[in-house]
Amino acid sequence: MKYIIGHQNPDTDTICSALVYQDYLEQKGVEAKAYALGHLNNETKFVFEKFGVTAPEHVHEIPTNSEIILLDHNEETQSIHNINDLDIVEIIDHHKVKLETDKPISIHIEPLGSSCSIIAKKYFRSDKILSPINASLLLAGIISDTLYFRSPTTTDQDKELAEKLNEIAKIEDLEKFSLEMFNAKSDLGDIDTEELIKLDYKVFDFAEGQKFGIGVMETTNKDFGLNRKEEIIAKLKEIKEADNLQGVYFSIIDILNEDSFTLCADEKDSQLFTELFKAENQDGVLFVDNLVSRKKQIAPVFQNHFGK
Ligand SMILES: [Mn+2]
């Protein structure tokens, strides 16, 4: 049995691509099961409720030597903690590549807007049957990762695939569906500060001794985060120390206005970010217009800066 796993702090794309890929493999006669490396966020929960789908089980530990398929990530720091005791047999992803394997494996990486786009392509190129529910899940993953085609990560292929998927899914008003998803994601209730920061949080190893944590909150209600500025900054400081990071950031991304407000652990982190992104410091909040994608805009600038 192969374990299909998405990244930690799972989002809609990672969960939906893993779950639908399970179906694809089952149709191929391969025994595989999708698992989540964490609790589902409110957007993903909304999607699963809407389509009446059972969410993948949350797994904490995978038995040593098990075969695993990585979906929507390829970096150890974003995967299951005991990844080094496991046998990676396949990777499907749309992120930058940082990996070393000890044997040849199957890899499908494409610079598309979502991993769900890659899974959709696999169906359309094969004789596998894509059910309306699975088409809906893939569509949700594309909408989520591309911020309904607003993010600069969006490609023409994502739009074409979404159209083709909706011929099967038949969601009447796709834009309305996207707003429902984003509002569900923005509705965070009385979430605690660390959970908020880590809802969509990744650790990057930009260079030797240059580990950074970057959390983002994609939202239609930026004030939810900005109103908690002081406690978020205090928690960023704590995380920076506890996890021995060179810097920690939390970017509040206003999905509808396509700009961002970033909070930092300390003055040093603030200076670096301001310099790299020409940010406008608004009372400790670093505002940058048109900056919405950690993958395509934020992480690459850091990576470049640290010279790799
Ligand atoms: Mn993704």
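Start at 1 and go down the list; that is how both ligands and their atoms are numbered. Quick note: residue numbers are just sequence positions, from 1.
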Q. Closest to the Mn ion (ligand 1), which N/O/S atom of Asp13 is it?
A. OD2
Q | the Mn ion (ligand 1) to nearest N/O/S of His94 less than 2.8 Å | A | yes
Q.
Between Lys240 and Asp269, is there a side-chain heavy-atom distance shorter than 4.5 Å?
A. yes
Q) Would one find an N, O or S atom of Asp93, in either backbone or side chain, under 2.8 Å from the Mn ion (ligand 1)? A) no
Q. Side-chain contact, heavy-atom cut-off 4.5 Å: Leu71 with Ile92?
A. yes
**Q.** the Mn ion (ligand 1) to Asp145: nearest N/O/S atom name
**A.** OD2
Q. Which pair of non-hydrogen atoms, one from Ile214 and one from Ile298, has the smallest distance, and what is that distance?
A. CD1-CG2, 4.1 Å
Q | side chain to side chain contact (heavy atoms under 4.5 Å, CB included) partner of Asp23, the single match among Ile129, Asn134, Leu130 | A | Asn134
Q. Taking side chain as C-beta onward, heavy atoms only, is Asp93 less than 4.5 Å from Leu70?
A. no
Q. Can you name the N, O or S atom of Asp72 that is closest to the Mn ion (ligand 1)?
A. OD1
